[in-house]
There are 2 protein chains.
Amino acid sequence: MTTWTVGQVAELLDVTVRTLHHYDEIGLLVPSERSRAGYRLYTDEDLTRLQQVVVYRRLEMPLDEIATLLRGNEDAADHLRRQRATVMTRLDELRELVSAIDRALERAMNDQPASTEDLKDLFGDGFTDEYEQEAQERWGETDAWKQSRSRTKRYTKADWEQVKQEADAVNAAFVAALHSGAPATSEAAMDAAEQHRRHIDDRFYDLDHTFHRGLADMYVADPRFTKTYEDLAPGLAAYVRDAIHANADRHRE
Amino acid sequence: MTTWTVGQVAELLDVTVRTLHHYDEIGLLVPSERSRAGYRLYTDEDLTRLQQVVVYRRLEMPLDEIATLLRGNEDAADHLRRQRATVMTRLDELRELVSAIDRALERAMNDQPASTEDLKDLFGDGFTDEYEQEAQERWGETDAWKQSRSRTKRYTKADWEQVKQEADAVNAAFVAALHSGAPATSEAAMDAAEQHRRHIDDRFYDLDHTFHRGLADMYVADPRFTKTYEDLAPGLAAYVRDAIHANADRHRE
DNA sequence: CGTGACGCCTCACGCGACGTGAGGGTCAAG
DNA sequence: CTTGACCCTCACGTCGCGTGAGGCGTCACG
């Protein structure tokens with residue numbers, strides 16, 4: 001099979017048939033062939049072009065702009081590089097948004113009413129606007145949301161402050177150990193690890209050294225967790241993981 | 001000054017006047033006051049509500065859904081937490097996109113033409129009509145199985161490591177809940193159950209809470225599955241089943 | 001007191017990127 | 001030769017506003 005019909009292409013690249021019709025109508029992606037019955041037939045080249053369109057669309061680029069870009073004489077790699085850069089920018093914007101939300105949350109926890117200044121500072125300007133796409137079902141059903149809700153619900157504002165302070169202290173201990181040049185197997189690092197374990201054990205759920213190892217590995221494997229540590233200090237995620245393993249080792253026997 | 005006009009609000013929160021008119025028209029944000037000349041006057045409370053709307057809009061939520069959410073009895077902090085969780089999910093998706101682009105780039109650099117397979121792997125949600133024998137007896141022709149096949153097919157060894165680690169984390173959560181003495185109906189246990197469901201849902205096949213119940217019952221009924229849980233901790237199989245049912249209950253409403 | 005300039009008001013049509021039928025031809029399998 | 005899945009072309013609907021048009025309100029300046 002060397003060409004594909006609308007339905008096949010649609011499923012392959014996860015777009016609707018109507019979308020393909022639309023792209024044909026506006027000349028953004030006109031299939032190279034038609035069967036005698038008038039069926040649209042897409043070739044390999046058409047698919048490659050469509051793939052570029054799909055990625056650009058995910059990044060919220062208007063169709064006419066995409067058309068202009070694709071009319072240029074850039075090759076596939078050029079487009080991929082551009083797309084990559086765009087995604088990175090968007091990632092930064094989203095991280096900005098997260099920290100704005102965090103600041104707002106902190107304020108809400110302390111029961112301070114939102115002042116006009118705050119609103120402007122937090123959500124007014126600074127963002128180039130428009131981020132998302134898709135993901136309708138995920139709304140309100142995300143695990144992250146549910147867990148965050150059920151866990152934090154039990155805490156009062158004061159508790160939250162306390163927990164946050166403890167967490168900061170633990171992180172500070174890790175950072176201090178790292179910056180002192182001490183290896184992850186040093187006493188200081190292992191002590192920080194033990195502090196970390198007890199913090200979670202006290203505040204959230206029973207956590208023995210074995211499970212602590214699992215958690216440590218996750219800090220490195222899950223980019224979401226990795227990020228929070230890497231933001232504190234480069235190399236911290238791996239350092240924390242190693243320290244936790246070292247600490248678990250010394251607590252064996 | 002205790003109230004603001006459209007223009008002031010618009011500049012403060014970086015929206016257009018027309019947008020405020022629109023929100024008024026559809027009843028999403030009706031200003032609490034009007035001057036005798038008919039000018040819209042926004043109060044502090046109006047601004048707080050608008051700020052929530054603005055953030056939800058940045059996350060591409062449709063206006064009617066935002067309205068539903070804001071009609072609920074959640075407070076500002078609840079909304080902020082939900083928004084945070086959503087942004088995090090979105091961040092994950094974008095990171096996925098980056099790595100997909102990277103893989104495509106790597107291939108393009110090596111001058112290998114993009115095959116249909118690649119396109120599907122990288123940017124589509126592919127489908128497969130493969131069938132297996134030994135599992136077919138167990139699962140028959142269920143959609144779940146087909147999805148599992150097509151989803152797991154794309155995993156590399158590294159991916160599998162990751163999946164395995166996730167599974168371990170879920171099991172550890174169950175064990176932790178059990179050993180803490182918390183009942184299967186506790187939040188900790190239910191959260192573990194939800195984690196379990198999400199893990200399967202993400203990695204293998206779509207799994208709603210109803211089907212999750214069926215799976216839970218099988219864990220107890222089928223000695224093969226019972227064994228894997230009982231090996232981790234005595235009584236765990238039944239505990240897991242009860243936790244899953246409790247979790248499904250709370251998600252029914 | 002008059003006069004702009006500017007901000008506010010209410011219609012009301014336009015637009016981008018499709019969604020969603022209606023009405024009808026095509027094609028492989030049984 | 002029927003059946004059902006898939007394809008076609010209109011063509012109107014939707015969502016979240018953008019963009020004037022035409023007119024009133026308010027305030028500083030002359």
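Throughout, a chain's letter reflects where its sequence line sits, starting with A, and its residues are numbered from 1. Reckoned from all heavy atoms, side chains included, excluding hydrogens, waters and symmetry mates. Keep in mind that what you see is a predicted model, and the values were worked out from it rather than measured.
Other residues, nucleotides and ligands contribute more than 12 heavy atoms inside 6.0 Å of the CD atom of B/Glu25.
Taking the 5' to 3' direction, DNA chain C first and last meets chain B under 4.0 angstrom from a heavy atom at C/dG7 to C/dA12.
Here A/Thr5 lies in heavy-atom contact (under 4.0 Å) with sugar-phosphate atoms only.
The side chain of A/Tyr39 has D/dC7 as its nearest neighbour among D/dT26, D/dC7, D/dT9.
Close to D/dC8, at under 4.0 Å from its OP1 or OP2, lies no side-chain N or O of A/Arg36. OP1 or OP2 of D/dC8 lies within a sub-4.0 Å distance of a side-chain N or O belonging to A/His21. For D/dG18, one of the phosphate oxygens OP1 or OP2 lies less than 4.0 angstrom from a side-chain nitrogen or oxygen of B/Thr16.
Remark: P of D/dA5 and CD of A/Glu11 are 15 Å apart, rounded to the nearest angstrom. Remark: C1' of D/dC17 and CG of B/Leu50 are 15 Å apart, rounded to the nearest angstrom.
Taking 4.5 Å as the limit, some side-chain heavy atom of B/Glu187 sits within range of a side-chain heavy atom of B/Arg250. Between A/Gln83 and A/Arg58 there is no side-chain heavy-atom pair separated by less than 4.5 Å. Looking at heavy atoms from C-beta onward, A/Glu33 lies in side-chain contact with A/Thr3 at the 4.5 angstrom threshold.
B/Thr68 pairs by the side-chain contact (heavy atoms from CB on, under 4.5 Å) definition with B/Arg71, not counting sequence neighbours. Every residue meeting the side-chain contact (heavy atoms from CB on, under 4.5 Å) condition with A/Val30, not counting sequence neighbours, appears here in chain and number order: A/Asp24. A/Tyr56 pairs by the ring pair (Phe, Tyr, Trp, His ring centres under 6.0 Å) definition with A/His79, not counting sequence neighbours. For A/Thr86, the side-chain hydrogen bond (donor to acceptor under 3.5 Å, both in side chains) test picks out no residue, with sequence neighbours left out.
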Exercise for the section: Sugar-phosphate atoms are those with a prime plus P, OP1 and OP2; base atoms are the rest. Using that split, label each nucleotide of nucleotides 11-16 of chain D B, S or - for protein heavy atoms under 4.0 Å, 5' to 3'. Expected result: B----B
